[in-house]
There are 2 protein chains.
Amino acid sequence: MKSAASAVARGATLQSIAEAAGVHRSTAARALDPAQAHRISPEVVEKVRAEALRQGYRRDAIAASLRTGRSRLVGVVLPDLANPVFAPILDGVGAALAEAGYSMLVADGGTDAARQTAIVEELIARRVDGLVLATARRSDSVLTVCLDAGVPTVLVNRAEDLPRASSVVSDDICGMRLAVEHLVGLGHRRIGHLAGPDGLSTGVLRRQGFEAAMRAAGLDPTAITVARAYSRAEGQAATAALLDAAPGLTAIAASNDLLALGAYLELARRGLSCPHDISIVGHNDMPLVDMIAPPLTTVRIAHAQMGEAAARLLLERLADPDAEICARLMPAQLILRGSTQALR
Amino acid sequence: MKSAASAVARGATLQSIAEAAGVHRSTAARALDPAQAHRISPEVVEKVRAEALRQGYRRDAIAASLRTGRSRLVGVVLPDLANPVFAPILDGVGAALAEAGYSMLVADGGTDAARQTAIVEELIARRVDGLVLATARRSDSVLTVCLDAGVPTVLVNRAEDLPRASSVVSDDICGMRLAVEHLVGLGHRRIGHLAGPDGLSTGVLRRQGFEAAMRAAGLDPTAITVARAYSRAEGQAATAALLDAAPGLTAIAASNDLLALGAYLELARRGLSCPHDISIVGHNDMPLVDMIAPPLTTVRIAHAQMGEAAARLLLERLADPDAEICARLMPAQLILRGSTQALR
DNA sequence: AAGAATTATGCGATCGATTGCACATTGTCA
DNA sequence: TGACAATGTGCAATCGATCGCATAATTCTT
């Protein structure tokens, strides 16, 4: 008993400080709030601060939240925490939020809408002030839940087709154009595309970017297979299908680095060499893809900045609920490495 | 005004449900709590549940926390969210916590003790029920803050020298022994070690593991350089120093995959080939190291399971504050790939 | 049938910080 | 000097769920 009780003994409430300082707790509260301290006489402020320090007072964020209705908490929902792509995004979000005094409630929602919904409900019950979703499908039922609940929400990395909420995504169309132009510049004419899942904006937009860029170059943009998920295994399967359906390809533009790595595997399985037989371009510039063999030429996405931008957008909306919805595109950048070479 | 107000219009309090159902709010509370519903007549339970559903009621976790003193929130502090090693740990922690109805407050504490302390204070002010620290130094001032505040705390991935708190770490000594024994088995005799920072348990224990295993094999364990941080750049610098100080090495056991990758870079710079000239073993089995050239032989750590175990240990302690402090070792496993080969 | 035991529900204090309003004190100006 | 403003502080309601205790209703004993 004793040990547990004394361990939890966290006195130091506003009340206890006020008593010790001989003032009312509301006065103590004001003295400790930098924004209100000027309304209180300097001597009292000093006395209260000293007492707070002495007692090791820490304002109870929970009690404050209950009263004010704001928790200074933001929920962040990711589709897969283990996927290295999301760590830097999370990092960016966290950094921008911390700067503004907000904390992150992080949850892995998986790819299942029902589970994501359950998680979002849980976050809402915790009275998060806002949400960042990295899980959005092109038409996302989870977002509906968020909006219905009146919780300011921002999408990151993936967006919906229609702008119901602000979003920050990479400029997928442009990124894929850079990839295609690079390949075309190297002399490639028969270029295939490993597309991402249909339900995700990244999958669709990058595919559109591929098609547009191919047409712009006067090339046939029909060598496409769609992967069912962003994973190596699906990438390998899709590559196999692509190579079978469109023989004679000399280059592949993948919608995602993991798909590109799957392509590496399938090429190796068939005894083909990259880049000698087939050039490959990825998308994302995941950590370590500069050290694989061959180093992957890929489209770099500013993940951390994307996360930061999303958080800032959310913070703006929290400050002003009537802020415009805006869709922000982050610039994509082609990173040249060893997986592409000029057509012999 | 109107839009903001109506957007935030989240009625549905216990009170509103109770009124609509014609009962007292305490009755409604009990009817909605599975653990107490049996004390209430089935008809009332049904009526209340129906009403809750109709109004879209969600219990306010904040208000509940204030009253009960438990937030069902656990703070998780990481040294570097962008480091791919921590994502799976976080994933494991999150999964185990979610199962028990807890949520994660995630914060990147960096490597600076002052900043980590500030973050922990913030988490404590948010009344987290417990903390998971992945940042521990061998003697960690931040842990002192946690313990002084009476917040149950568990260390993960890195532990202190003395067991002030429960911890879950990989069996670093054994892992390094596996690496050395593998190299010795391949015929290597002149083996160097890239050690991690002195201040981290992983750095010291793996180094001890290296020394012990070398001595056990009757070999000289003095070819060691200590990296200042776990990064490729420091790994490259340390490798340069190691090769200069101990010419004739045929193998290197690194304390960490990033250090091993730094070694790759330095070998390449010197025109040496891995594994032909020098074999390299890493530690951690980070994502993608199976696809670099050459694929890295490394000691796999069960990151996700480590996170899960840490969370479970914390949950146990939350359930029973007098639970024993325990230091848990997760088994390490050698993964054979292409960066090591038999001495010619 | 009186009393005991059990069950169902209501009551109201409580957690700790916040904040609109009231009150008191002092200063200012005509 | 009387009316008025400015300033500093106290008062008490409030946020919403929880839970010990009280009370009412019901069933069980003997």
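The shown structure was predicted, so the numbers you read here are calculated from the model rather than taken from an experiment.
With a cut-off of 3.5 Å on both pairing distances, the Watson-Crick and G-U wobble pairs of DNA chain D assemble into stems of 3 or more at C:1-30 with D:1-30.
Atom P of nucleotide C/dA17 and atom CZ of B/Arg126 are separated by 15 Å, given to the nearest angstrom. Look at CD on B/Gln15: it is 12 Å from C1' on D/dC15, rounded to the nearest Å. If you take CZ of B/Arg72 and P of D/dA17, they are 17 Å apart, rounded to a whole angstrom. Following rounding to the nearest Å, A/Glu19 (CD) and C/dG16 (P) show an atom-to-atom distance of 12 Å. When rounded to the nearest whole Å, the span between CG of B/Asp33 and C1' of D/dT18 equals 10 Å. Rounded to an integer number of Å, the gap from CD1 of A/Ile17 to C1' of C/dA17 is 12 Å. One can place CD1 of B/Ile62 at 14 Å from P of C/dA17, the figure rounded to the nearest angstrom. Distance, B/His38 NE2 to C/dA8 P: 9 Å, rounded to whole Å.
Nearest approach of A/Pro34 to A/Leu32, heavy atoms of both residues: CD-O, 3.3 Å. Across B/Arg72 and B/Ala100, no two heavy atoms sit closer than the pair NH1-O, 2.8 Å.
B/Arg126 and A/Ser103 form a side-chain donor-acceptor contact under 3.5 Å, judged by distance and modelled atom types alone.
With respect to A/Arg312 and A/Glu316, no salt bridge is recorded, no charged nitrogen being found less than 4.0 Å from a carboxylate O.
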Carefully, step by step, assess B/Val93 and B/Asp91 under the rule side-chain contact (heavy atoms from CB on, under 4.5 Å).
CA-CA 6 Å; B/Val93 171; B/Asp91 202 15; over 6 Å; no
Run A/Asp60 and B/Arg127 through side-chain contact (heavy atoms from CB on, under 4.5 Å) and show every step you take.
CA-CA 7 Å; A/Asp60 186 325; B/Arg127 296 295 183 264; 3.3 Å; yes
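By the salt bridge (Lys or Arg N to Asp or Glu O under 4.0 Å) test, B/Arg59 pairs with no residue at all, sequence neighbours left out.
With hydrogens and angles disregarded, no donor-acceptor distance shorter than 3.5 Å links the side chain of B/Arg317 to the backbone of B/Pro152.
Atom CZ of B/Arg328 is surrounded by 12 or fewer heavy atoms from other residues, nucleotides or ligands within 6.0 Å.
In this model, the phosphate group of D/dA17 is approached by a side-chain N or O of B/Thr13 to a distance below 4.0 Å at OP1 or OP2.
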A correct 5'-to-3' footprint of nucleotides 9-15 of chain C, with B, S and - meaning base, sugar-phosphate only and no protein heavy atom under 4.0 Å, is SBBBBBB
